[in-house]
Amino acid sequence: MSETSWRTGDFFKDVIVRDLRLEPEDTFTITNFTINKANEKTAGYMSLIHRVCIEVVFDKSHNKPTSLSYIVKEKSDTAFGGNLVELLSVFPKECEVYEKLLPTFENIFHERTTVRFGPKVFKTSSEPYTVIVMEDLARGGFYMREKSFGLSKLDAKRILRKLAAFHAVSVVYRESNGPYSDLLSEGLISERTVDVLRGHYDALYTAFLQSLRERNFPAEYLQPLMAFDGRLLEACSKVQRLDPTDFNVLNHGDLWPNNVMFSEDDLRFLDFQTAFYGSFASDLLYFFTTSATELLCDSLEEMMQFYYDNLVKSFEELQYRRLIPSYTDLRQQMSRRGVLILPPLSEAVAITMGGLTEPSDMRLITSEQPEGVALRRHIFHNPSFVTLVDRLLPKLFEAGLLRK
């Protein structure tokens with residue numbers, strides 16, 4: 001193993017010291033060190049994720065070896081989405097959120113209540129390799145939901161409650177500390193990323209529209225959707241621009257079930273690689289589309305009101321004295337940005353419901369080769385996806401999130 005590799009026990013010695021809060025006299029020996037894939041669900045996009053298992057024996061103790069485990073996110077050329085890693089500075093961005101912002105957010109709440117937003121980070125490295133070493137939440141009884149979409153109302157509300165607290169404290173933080181850094185000035189879809197993303201999202205959206213035409217989808221809904229063909233990303237980047245008059249927060253940027261770990265009475269957010277400062281609507285529209293699509297059909301107003309009530313409660317807990325927007329204001333922000341529903345619906349939702357999990361599938365899905373065309377047809381004509389879309393799209397128009 002190269003001396004410059006992070007895949008050695010020596011690299012984790014200071015991690016162990018920090019994790020266990022050891023004193024200088026607490027010397028230890030690593031007796032076992034293994035690296036495994038962290039989770040089947042976490043493979044593939046913009047980073048590799050590993051679980052490192054370590055056994056240590058304390059030199060002045062006769063106790064049994066202590067078993068430890070950590071999650072490591074690694075920058076790698078083999079991960080899908082590699083071009084965006086540099087363009088969006090995803091690792092510096094995530095390090096800033098994990099190392100600086102989340103601990104500060106939690107400390108702001110600390111005098112009033114205990115709130116945790118994400119895993120602890122024990123170590124980061126950018127040269128000669130880029131990795132983030134964080135706590136293994138599974139050790140504390142946290143787990144991912146089996147379903148990657150279609151969360152229950154109870155689970156969705158648990159996430160919305162924590163998201164409201166995250167958004168509220170991000171506002172309080174900015175009031176005290178000034179603007180967020182340039183790293184957090186834009187999310188995944190922006191004017192800078194349109195050209196990079198076009199080949200992926202445009203191909204999928206065009207195939208999505210083709211599937212609707214083949215099924216004779218009602219023209220009153222199909223025609224407005226076709227107006228975005230070839231310009232969907234431009235439309236999304238336009239509504240993502242920061243409007244100082246809106247209710248702006250630090251957005252998670254990729255809030256769906258694979259980036260949430262639950263315990264019996266709490267949850268943690270993972271993966272802040274596309275976090276950005278902007279309208280709260282970005283987080284909510286993405287979350288509802290990728291995680292609670294049935295609730296978007298049937299319970300949008302209830303879920304929005306639940307989020308708003310918890311937002312108000314969080315501001316009260318934080319003793320925030322400035323005027324906050326009304327529910328009507330927030331609902332209007334959602335309607336103005338409804339187009340943000342279409343990229344995840346025609347990409348993440350379709351792919352997830354189609355059962356595609358491997359990076360090779362992600363690369364193939366936009367190919368013009370027969371295999372790529374067949375794969376796109378498979379996901380957009382998947383009966384479960386068809387049933388969802390046929391029910392969802394009219395509801396979105398009725399709710400004013402999409403416009404005829």
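The shortest distance between side-chain heavy atoms of N258 and T352 does not fall below 4.5 Å. A heavy-atom distance below 4.5 Å is not found between the side chains of F280 and D246. Considering only heavy atoms from C-beta on, V15 stays 4.5 Å or farther from V52 through its side chain. Annotation: side chain of L188 is not in contact with side chain of F276 (no heavy-atom distance under 4.5 Å). Side-chain contact check for T366 versus E347: every heavy-atom pair is 4.5 Å or farther apart.
The salt bridge (Lys or Arg N to Asp or Glu O under 4.0 Å) test with D136 singles out one residue from R268, R51, K120, and that residue is R51.
In this structure, a donor-acceptor pair under 3.5 Å is absent between the side chains of Q305 and E301. Between T113 and E317, the side chains place no donor N or O within less than 3.5 Å of an acceptor N or O (distance only, hydrogens not considered). A side-chain donor-acceptor contact under 3.5 Å links D329 and S326.
In this structure, the separation between CE on M134 and NZ on K73 is 5.5 Å, given to the nearest 0.5 Å. For the atom pair E294 CD and R391 CZ, the distance stands at 4.5 Å (nearest 0.5 Å). Between the CD atom of E96 and the CG atom of L183 there is a distance of 5.0 Å, given to the nearest 0.5 Å. Taking OG from S47 and CD from E74, the interatomic distance works out to 9.0 Å, rounded to the nearest 0.5 Å.
Separation of the Y308 and F247 ring centroids does not fall under the 6.0 Å cut-off. Taking the centre of each ring, Y205 and F228 stay at or above the 6.0 Å mark.
The aromatic rings of F117 and F105 lie perpendicular to each other, with more than 60° between the two planes, well past the 30° mark.
A donor-acceptor pair is defined here as one N or O able to donate and one able to accept, closer than 3.5 Å; no such pair exists between the side chain of D283 and the backbone of N251.
In terms of heavy atoms, K13 sits closest to I30 at CG-CD1, 4.2 Å.
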